[in-house]
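Atoms within each ligand, like the ligands themselves, are counted from 1 in listed order.
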Amino acid sequence: AQLLDVRLEYLQRRMQESGMSEEASYDHVLTSDYAVLLAEELGRNAVVNDEMAFNIYPSPPHPNPSSLPLRPPVVTIMGHVDHGKTTLLDTLRSASVAKGEAGGITQHIGAFSVPVPSNRNSSGSRSITFLDTPGHAAFSAMRARGAGVTDIIVLVVAADDGIMPQTREVINLIKKDSGNVGVLVAINKVDKPGLDAESVKKALLAEGIQLEDFGGDVPSVEVSGLTGQGLPQLVETLSAIAEMQDLRAEQDGPVHGHILESKMVKGLGPVATVLVLRGCLKPGSHIISGVTSAKVRVITDSTGKSVKLASPGMAVTVSGWKTLPNAGNEVLQGSESDIKKAVANRQRKADLDSSLADVEAINAARRQERERREAELQQANDSQRNHVEESEAGPKELRLVIKADVSGSAEAAVGALQGVGNHIATTKIVSSGVGDVTESDITMAKTVGGMIVAFSVNVPKSIELMAARNNVQICSSSIIYRLMEAVKEHVIKLLPVII
Ligand code: GDP
């Protein structure tokens, strides 16, 4: 009732009216099909999330975030081309390795961690994770999904070039995300002689970036990625911003993260960089991303060192994937069997979607071919008026006989199954009614050459046998979206495979 924004008594009354008297008791757990029906009755569009059933979903926000352990900030460096982003990242990366283990080799994994010197007498973060994904492809993909994985954006502006088109793009992005993401301006290339960093700052102010120097809240640092000048201040300032943001995440509980990049590695197979947002990733964990999954084998950090644990804010490479996961995709942890089921479920959906996409492509090709033929005909007969006959007599039909347990659900099934498909093949509902599947339903389905959809009703064994003898298919489920998918599959079978 809360979700639907109605009073409980009202909801119960509506349920009783719809024949759900038993379900209307206050402690009854509704099945998804009834929940969908109810939501639709109340004018809502319900989305059934199967993955909830497999426990494969990000856990809800922690009720008391300030009790959680701190995590390092995730920082993205952005700015106009040639303003020195790559150089800056390279210098930061090699500095991080030099300070780390002797003999460490920097590995390009899409992110790296820079330690924050502990001379600051504070509880600020002790390291910073820099994202360094090529072309920010993964970053854009994650953003497009509304996944704000970046805590701080460093806007790099070359002092000798000033504000350029891509600088403005980043500024717009910052303005859109304002409140969710911290900002630091890095005026770069200050090693060059005769530069005026002040004028760049004024130009930024004119673009609406409220710099601290002018009384705003956006800090700026003057740096040189080439000489390393100003980089300690950059790291220091990022740490201070992170401290204000008070970034915390649960370290226990299932892992939630994102793929930054992935590639095949000799001897290891598919390897992906995972940015961990919540939970701790360990060897042996079962994780899913898109339609692939992994039992985590080896975890390494950006210096190539093997680690036993990756906590929130860390980006690490993970081997053990069945196939290459896609950059930007979400990573979730679950039990081995839940992950297996979720992968199968996602694969089935992906197959359905790609069949539909194939159909769209075929349609487009057929349309084009028809248009080409029509144009040819027209040209050949342009002296006389020529009528081109439609080559098809309407779409192919999957005829459905629907039976449901109550009239509300029959209506819902009709609503859900009507018009599934496209202009080449679609559903047509021949009849819909309440009650178990009967002999006359089979006769009707046979007569029209259709199939029976049984929604939350019994299909007696004798009826099943009769249907089989008569070559009439019965699709039976108490879950409406299962029926929708089954019907979709049948519609797809009606489509021509080749043009
Ligand atoms: P990106 O396109 O933003 O990644 O820029 P790059 O890092 O590739 O740098 C573009 C050019 O600017 C290269 O020729 C760099 O050597 C040069 N460059 C980058 N940072 C600095 C800097 O701090 N000082 C100077 N003088 N040149 C720089």
Side-chain angles (χ1 to χ4, degrees), residues 73-99 105-114 128-143 149-175 177 181-204 207 209 211 213 218-238 241 260-261 263 273 275 302 315 327-328:
V74 178
V75 175
T76 306
I77 294 192
M78 303 183 92
H80 194 72
V81 65
D82 279 347
H83 278 202
K85 300 178 292 295
T86 313
T87 311
L88 199 59
L89 282 164
D90 283 346
T91 309
L92 283 165
R93 189 194 286 113
S94 53
S96 76
V97 171
K99 283 190 198 121
I105 312 156
T106 53
Q107 310 252 329
H108 181 84
I109 67 164
F112 60 91
S113 170
V114 171
I128 293 170
T129 301
F130 285 92
L131 293 191
D132 123 25
T133 35
H136 301 293
F139 180 75
S140 318
M142 291 183 286
R143 251 187 63 78
V149 299
T150 304
D151 302 304
I152 307 171
I153 292 176
V154 175
L155 170 59
V156 173
V157 189
D160 60 346
D161 207 19
I163 291 173
M164 298 302 283
Q166 282 164 285
T167 317
R168 281 205 186 84
E169 278 174 27
V170 181
I171 291 174
N172 288 336
L173 195 140
I174 289 168
K175 283 181 185 160
D177 268 358
V181 63
V183 182
L184 168 63
V185 170
I187 314 274
N188 195 23
K189 306 198 186 181
V190 294
D191 59 288
K192 286 195 171 181
L195 287 178
D196 179 14
E198 276 316 296
S199 65
V200 176
K201 289 185 190 172
K202 282 188 190 132
L204 282 165
E207 296 285 335
I209 296 289
L211 290 177
D213 296 19
V218 179
S220 66
V221 288
E222 293 175 23
V223 298
S224 163
L226 209 57
T227 67
Q229 179 191 335
L231 295 198
Q233 287 90 316
L234 177 102
V235 169
E236 184 94 345
T237 314
L238 286 172
I241 296 174
L260 295 180
E261 40 180 84
K263 58 171 184 254
T273 302
L275 173 66
S302 58

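With respect to Glu222 and Lys201, a salt bridge is recorded, a charged nitrogen being found less than 4.0 Å from a carboxylate O.
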From CA spacing to verdict: side chain to side chain contact (heavy atoms under 4.5 Å, CB included), Lys85, Ile77:
CA-CA 7 Å; Lys85 300 178 292 295; Ile77 294 192; 4.0 Å; yes

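For atom 13 (C) of ligand 1, no protein heavy-atom neighbour is found at a distance under 4.0 Å.
Residue, atom and distance of the protein heavy atom nearest to atom 7 (O) of ligand 1 are Thr87 OG1, 2.5 Å. The protein atom (non-hydrogen) at minimum distance from atom 18 (N) of ligand 1 is Lys189 CE, 3.6 Å.
Between Arg168 and Ile163, some side-chain heavy-atom pair lies under the 4.5 Å cut-off. Residues Leu275 and Thr273 fail the side-chain proximity criterion, which asks for heavy atoms closer than 4.5 Å. Residues Lys189 and Asp161 fail the side-chain proximity criterion, which asks for heavy atoms closer than 4.5 Å. In this structure, Ile171 and Lys175 have side chains that are in contact, with non-hydrogen atoms separated by less than 4.5 Å.
Here the straight-line distance linking atom CG of Asp82 with atom CD of Gln166 works out to 9.5 Å at 0.5 Å rounding. Between the CG atom of Leu184 and the OG1 atom of Thr237 there is a distance of 6.0 Å, given to the nearest 0.5 Å.
Atom numbering of ligand 1 starts at 1 in the shown order; those under 4.0 Å from a heavy atom of His80 are 3 (O). Residue-ligand proximity, Lys85 to ligand 1, at heavy-atom distances under 4.0 Å covers atoms 1 (P), 2 (O), 3 (O), 4 (O), 5 (O), 7 (O). Of all the atoms in ligand 1, the ones that sit under 4.0 Å from a non-hydrogen atom of Gly225 are 23 (O). Residue Lys192 approaches ligand 1 through these ligand atoms, each under 4.0 Å from one of its heavy atoms: 26 (N). Proximity to His83 (heavy-atom distance under 4.0 Å) selects the following atoms of ligand 1: 3 (O), 5 (O). Within ligand 1, counting atoms from 1 as listed, the ones closer than 4.0 Å to a heavy atom of Val81 are 2 (O).
Using a 4.0 Å cut-off between heavy atoms, Asn188 contacts ligand 1 through its side chain alone, with no backbone atom that close.
Counting only non-hydrogen atoms, the option in Gly228, Gly84, Gly230 that gets closest to atom 5 (O) of ligand 1 is Gly84. Taking each of Ile77, Thr86, Leu226, Val223 in turn, the one with a heavy atom nearest to atom 16 (O) of ligand 1 proves to be Leu226. Heavy-atom proximity to atom 2 (O) of ligand 1, evaluated over Val156, Asp191, Asp82, is greatest for Asp82.
For the side-chain contact (heavy atoms from CB on, under 4.5 Å) with Phe130, the qualifying choice from Ile152, Leu88, Val114 is Val114, the only one to do so.
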